[in-house]
Every structure is written in C-alpha cells, then in structure tokens.
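Note sheet for the following structure.
Position 1 is the first residue of the sequence, and the numbers go up from there.
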Amino acid sequence: MIKKITAAIFIFAGSLSFAQSSKEVKVKELIQVVGVSKLAVQGVKQFISTFKENYKEVPDAFWNDFLKEVSSEEFSNLYVPIYSKYYTESELDELIRFYKTPLGQKIITNTPLIMKESAEVGRDFGQKLGMKLAEKLGEQKGYQSPPPPMPSKDQ
C-alpha cells in the first residue's frame with residue numbers, strides 16, 4: 001500500500017513539474033512572439049548609450065563585452081513568473097495564436113508608435129490643462145496664480 005501511495009505521489013509531482021515546465025515554455029514562446037525580451041535588450045542598449053556619452057574615454061570594446069552579458073533569454077527568465085501569475089495555459093495558447101496572426105503582428109508593430117504619440121498628446125494636454133487651472137485659480141478671489149510651468153528642453 002505504501003509503495004502505491006509513494007508511486008502515486010511521484011507521478012502526481014512529476015505531472016505538476018511537467019505542467020509548470022509546459023506553461024513556462026508557453027510563456028517564453030509568447031514573450032518571443034511579442035518581442036518583449038528584444039525590447040528589453042534595446043532598452044539596455046539605450047541605457048548603455050547614455051553611459052557611453054558620460055564615459056567617452058571608455059573604449060567601445062568594454063561596452064560591447066558588457067552587452068554580451070545581457071541576453072533576451074535572461075529577460076525571458078525574469079518575465080516567466082510574472083506572465084505565469086496573470087495568464088493560464090489556455091490563455092497563453094490563445095495569446096500566442098493571436099499574436100501570430102497578421103492583426104497580432106500589426107498590434108506588436110504599432111503599439112510602441114501609439115504609445116509614443118499618446119505620450120506626446122498627453123503631455124500637450126497636461127500643459128494646456130495646467131494653464132487652464134492656473135487661469136481659473138487666478139479668477140478666484142484670494143488665489144494668486146503662479147506662472148504656468150515651462151516645458152523642459154528634453155520634452
């Protein structure tokens with residue numbers, strides 16, 4: 001009897017680890033299809049380019065060697081627990097199928113562009129809203145309106 005229970009526990013535990021590794025494989029596939037890890041590596045490259053500007057005496061070989069230490073696989077491994085937390089295996093299957101379609105690929109391509117334009121529109125809207133608020137405060141008795149904030153040169 002004990003041997004049967006032990007065998008059942010091993011089979012159950014083995015199936016759990018297989019299910020987890022199956023889900024992990026699916027998360028990694030989704031991350032690859034969507035290009036999340038590639039974007040993260042690009043972010044690191046931009047981050048390093050800032051350092052390169054501040055450390056001009058450091059040779060390019062140093063930066064190239066440092067970049068070799070950063071891989072999309074490393075980012076995938078960081079993201080697996082996060083995606084696993086929010087998506088079931090069947091949802092991952094559906095997402096992978098969707099992002100492999102032409103519409104899914106279009107969303108992947110256009111999302112960064114949409115986010116950039118949305119940020120610009122949001123910034124402009126925020127500036128106009130701030131000016132309107134300052135104007136309204138100035139109309140109220142007892143409130144002094146400070147000048148609206150000036151946009152920085154980076155914006």
Side-chain angles (χ1 to χ4, degrees), residues 2-133 148-155:
I2 292 178
K3 286 183 181 181
K4 287 182 181 179
I5 292 172
T6 304
I9 289 172
F10 280 120
I11 290 170
F12 180 72
S15 68
L16 280 179
S17 67
F18 174 77
Q20 289 172 345
S21 71
S22 172
K23 187 174 186 179
E24 181 178 323
V25 167
K26 289 177 182 183
V27 169
K28 286 184 177 187
E29 183 178 359
L30 176 64
I31 288 168
Q32 187 272 327
V33 168
V34 175
V36 173
S37 295
K38 258 193 254 180
L39 287 174
V41 170
Q42 285 176 347
V44 169
K45 287 179 180 178
Q46 288 175 333
F47 177 74
I48 287 174
S49 71
T50 303
F51 271 87
K52 284 175 82 170
E53 289 175 21
N54 294 323
Y55 295 93
K56 293 180 185 198
E57 71 280 1
V58 176
D60 283 341
F62 171 84
W63 302 113
N64 294 335
D65 288 343
F66 185 80
L67 273 173
K68 289 177 187 173
E69 295 179 27
V70 179
S71 70
S72 59
E73 180 67 27
E74 187 175 9
F75 281 108
S76 289
N77 291 334
L78 291 172
Y79 296 148
V80 165
I82 298 167
Y83 279 74
S84 294
K85 179 179 170 183
Y86 291 101
Y87 296 110
T88 65
E89 260 193 90
S90 63
E91 290 169 335
L92 290 166
D93 290 335
E94 289 180 46
L95 285 167
I96 291 165
R97 258 192 314 278
F98 171 73
Y99 281 114
K100 286 183 174 181
T101 67
L103 178 59
Q105 289 297 301
K106 185 174 183 176
I107 288 174
I108 292 167
T109 301
N110 291 339
T111 296
L113 303 171
I114 291 169
M115 289 176 67
K116 181 181 179 211
E117 286 184 46
S118 298
E120 291 168 2
V121 168
R123 183 189 65 238
D124 293 345
F125 178 78
Q127 287 174 347
K128 289 175 185 171
L129 190 62
M131 289 172 57
K132 184 177 180 179
L133 177 60
M150 298 301 291
S152 71
K153 292 180 183 177
D154 296 335
Q155 296 180 358

Would you be so kind as to tabulate the donor-acceptor pairs closer than 3.5 Å made by side chains of residues 114-122, with sequence neighbours excluded?
residue, atom, partner, partner atom, Å
Ser118, OG, Ile114, O, 2.7

Output for pair (Ile48 CD1, Phe62 CZ), nearest 0.5 Å, gives 8.5 Å

From CD (Glu73) to CG (Leu78), nearest 0.5 Å: 10.5 Å

Thr50 vs Asn54, test: side chain to side chain contact (heavy atoms under 4.5 Å, CB included). Steps then yes/no. CA-CA 7 Å; Thr50 303; Asn54 294 323; 4.1 Å; yes

Is there a side-chain contact between Gln32 and Lys28, using heavy atoms and a 4.5 Å cut-off? no

Are side-chain heavy atoms of Val25 and Glu29 found at a separation under 4.5 Å? no

To the nearest 0.5 angstrom, please state how far the CG atom of Asn77 sits from the OG atom of Ser71. 7.5 Å

Do Lys26 side-chain atoms and Ser90 backbone N/O form a donor-acceptor pair below 3.5 Å? no

Sub-4.5 Å side-chain heavy-atom contact between Phe51 and Val58: no

Donor-acceptor check, side chain of Ser84 to backbone of Pro81, threshold 3.5 angstrom: yes or no? no

Return the minimal non-hydrogen interatomic distance between Ser37 and Ser72, and the atom names on each side. OG-O, 3.2 Å

Given Asp60 and Trp63, is the side chain to side chain contact (heavy atoms under 4.5 Å, CB included) satisfied, shown in steps? CA-CA 5 Å; Asp60 283 341; Trp63 302 113; 4.3 Å; yes

In the structure I gave you, are the side-chain heavy atoms of Leu30 and Val27 within less than 4.5 Å of one another anywhere? no

How far apart are the C-alpha atoms of Val44 and Val41, what are their side-chain angles, what is the distance that settles it, and do they pass the side chain to side chain contact (heavy atoms under 4.5 Å, CB included) test? CA-CA 5 Å; Val44 169; Val41 170; 5.5 Å; no

Does atom CZ (Phe98) have a neighbourhood of more than 12 heavy atoms from anything else shown, all under 6.0 Å? yes

Quick one: CD1 on Ile31 to NZ on Lys38, what's the gap to the nearest 0.5 Å? 13.5 Å

How are the rings of Tyr79 and Tyr83 set to each other: parallel, tilted or perpendicular (split at 30° and 60°)? tilted

What heavy-atom pair brings Ile108 and Val34 nearest, and what distance separates the two atoms? CG2-O, 3.4 Å

Please examine the side chains of Thr101 and Lys106, heavy atoms only from C-beta on, and report whether any two atoms are closer than 4.5 Å. no

Can you tell me how far CZ of Arg97 sits from CG of Leu95, rounded to the nearest 0.5 angstrom? 9.5 Å

